[in-house]
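Single-structure report; data block below.
Keep in mind the model is a prediction, meaning the values are calculated, not measured. Positions are given from 1 along the sequence.
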Amino acid sequence: MSSSSAPGVDASTSPPVAKRSTGDLARAAVSGWLGTALEFMDFQLYSLAAALVFSQIFFAGGDAAMAVVLAMATYGVGYVARPVGAFFFARIGDKIGRKQVLFYTILLMGAATTLIGVLPTYEQVGILAPILLVILRLAQGFGAGAEISGAGVMLAEYAPDNRRGVVASLVALGTNCGTLFASGIWAILLAVMMESDVIAWGWRIPFIGSAVIMLFALWVRFNLKESPVFEERTDVVDGKALSRAELERVATETNDVRTLESLQKKPLKAVLVSFFLRFGQAGNSGIVQTYLISFITITLAISKEVGPEIVIVSSLIGFITIPLVGFLGDKVGRRRMYIVMSALSLVLIVPTLLLINSREVGWIFVGYALIHNISVLGLASMENISIPEIFGARNRYTLTAVVREVAAIVATGIGPVVAAAWVAAATGSIVPIMVLMGIFTASALVAAIVAPEWTGRDLRDPRPAM
């Protein structure tokens, strides 16, 4: 708990150091990893289901191409609720701490995913089926909006200064684990069951089974201690942040220069840089992890088993990519790594997508693994620590969550739909996917170039890094 004395710059008025053991850090790491794994398992379960079976289950009656577009649009609906959930939960997290918020977000998110598994189909209840699916996607998105941001903030605020990239990369590993687990389940279902059985009832198994991970994650978070940086914030008194008016009065009385500067300066550049870093990664994620699987299955007419299998292989490679990029970011600076990874991504877009478009299964695996690890997983490793580092202590959770989710709704929510419609209009050409990925990747590259270095800054500082 923070000191009840007035915040200021003197040692006598500053909160005591919030001590955390290695075990506390381990619990925080497992908590962040589990929550993010569940979030991405939920969304990857849906994205694969949308690509493989949902067009037949919830959107029957139209032509195949339009059914895919509708399935992708419902995927995007989950992103509509995410900014609202991000703002709602993250503001609470900045006021009373991260722990409680992260408990409730995972509960809401996991419950919505489990309930998708018991929904009636279009054949059973008609238009009510997609309506119920949309409602649950909205609930799922509302909880998920503050989940990965909260996990990133919590790990950033727990980690030693010189190891933040490696520790926070566990959040990105969580995304990878979730993607891998969801893809593995789908691969098993498609391998051991007849396609008619998967469509009839087998698709429900992974959604209902996700409840097991949710319950374990809830137990871990119930026993988690609060972020030490939150407890050490000078504006936190008895576990609750002071209002702006109270903080301005106290900061003026104690001549707290950093706090006064943070109250006067608008974090516009920090917001814009963070937005476009996220926009680039999220856009690539939506294209590669969602639409590209549908493109391979529907447009290229490759066997349905191939989609989940290539995601599994690429995700396994990601267990090397993600911590390696996090480690290098700690060593050479995250801004420099962003520039290197984004430039490499731009160079690889055309050749890797041409490999995928070759319709040769072996080359599809190579092309997908390269573009997925560089353009999606590598950028995600840096993003999860970079955005919390860029923002100041007082509004870190709120700004991190809102920026991440607004960028995601623009990029990831719309990207797969635009790709599906554009490719359909272009009679199956892969060029629209190349163009969209080029736009997303260039956005992250330009943002990194114009930003000053932010690696390793004092996370208790209420001012933004730029």
Side-chain angles (χ1 to χ4, degrees), residues 36-55 68 71-72 75 78 113 172-193 195 198 202-203 205-207 209-210 213 281-322 345 348-349 352-353 355-381 412 415-416 419-420 430 433 437:
T36 309
L38 180 61
E39 175 185 350
F40 271 74
M41 185 184 76
D42 293 346
F43 274 72
Q44 187 69 9
L45 283 175
Y46 182 87
S47 66
L48 287 171
L52 300 174
V53 298
F54 274 8
S55 60
V68 171
M72 291 300 158
Y75 174 84
T113 300
L173 278 179
T175 71
N176 209 37
C177 289
T179 300
L180 179 62
F181 189 59
S183 302
I185 291 175
W186 271 106
I188 292 171
L189 287 177
L190 293 170
V192 303
M193 297 178 66
E195 183 175 340
V198 173
W203 66 270
I205 295 173
F207 289 95
S210 68
I213 297 177
Q281 191 280 334
N284 286 339
S285 177
I287 295 296
V288 174
Q289 296 187 159
T290 302
Y291 179 69
L292 203 51
I293 301 301
S294 178
F295 180 87
I296 291 168
T297 303
I298 305 296
T299 305
L300 299 183
I302 304 298
S303 173
K304 287 186 177 182
E305 289 84 357
V306 172
E309 288 172 0
I310 62 175
V311 175
I312 291 171
V313 171
S314 185
S315 297
L316 287 172
I317 296 171
F319 282 97
I320 299 173
T321 303
I322 290 170
S345 175
L348 288 175
I349 288 171
T352 54
L353 291 183
L355 288 177
I356 291 171
N357 201 45
S358 70
R359 288 184 167 86
E360 294 290 335
V361 173
W363 288 122
I364 291 175
F365 272 77
V366 173
Y368 187 92
L370 280 171
I371 201 65
H372 182 221
N373 274 265
I374 300 299
S375 300
V376 179
L377 300 183
L379 293 182
S381 179
T412 316
I430 202 168
I433 303 176
M437 288 194 67

For [Y], is there any backbone N or O sitting under 3.5 Å from a side-chain donor or acceptor partner on [X]?
X    : Y    : value
Y368 : G307 : no
T352 : I349 : yes
N357 : L353 : no
S314 : I310 : no

(request) With the side chain counted from C-beta on, respond yes when F365 and L355 share a heavy-atom pair under 4.5 Å apart, and no when they do not. (result)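 A side-chain contact is absent here, since even the closest heavy-atom pair is not under 4.5 Å.
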
Which atoms form the tightest heavy-atom contact between [X] and [Y], and what is the distance?
X    : Y    : value
C177 : A37  : CB-CB, 4.3 Å
M437 : I371 : CE-CG1, 3.6 Å
S345 : N284 : OG-ND2, 4.3 Å
M41  : A182 : O-CB, 3.8 Å
V376 : Q281 : O-NE2, 3.2 Å
P206 : L189 : CD-CD1, 3.7 Å

Can you tell me how far apart [atom1] ([X]) and [atom2] ([Y]) are? Round to the nearest 0.5 Å.
X    : Y    : atom1 : atom2 : result
I374 : L348 : CD1   : CG    : 6.5 Å
F295 : I356 : CZ    : CD1   : 8.5 Å
E309 : I302 : CD    : CD1   : 12.0 Å
L379 : S285 : CG    : OG    : 10.5 Å
I312 : W186 : CD1   : CH2   : 12.5 Å
I433 : Y291 : CD1   : OH    : 5.0 Å

(message) For L316, I'd like to know if atom CG has over 12 heavy atoms of other residues, nucleotides or ligands within 6.0 Å.
(response)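 More than 12 within 6.0 Å, yes.
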
(request) Classify the ring geometry between W203 and F207 as parallel (under 30°), tilted (30 to 60°) or perpendicular (over 60°). (result)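 W203 vs F207 ring planes: perpendicular.
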
(message) For V311 and Q289: C-alpha separation, side-chain torsions, deciding distance, then whether side-chain contact (heavy atoms from CB on, under 4.5 Å) applies.
(response) CA-CA 8 Å; V311 175; Q289 296 187 159; over 6 Å; no

(request) State which residues pass side chain to side chain donor-acceptor pair (under 3.5 Å) with S358; sequence neighbours excluded, sorted by chain then number. (result) none

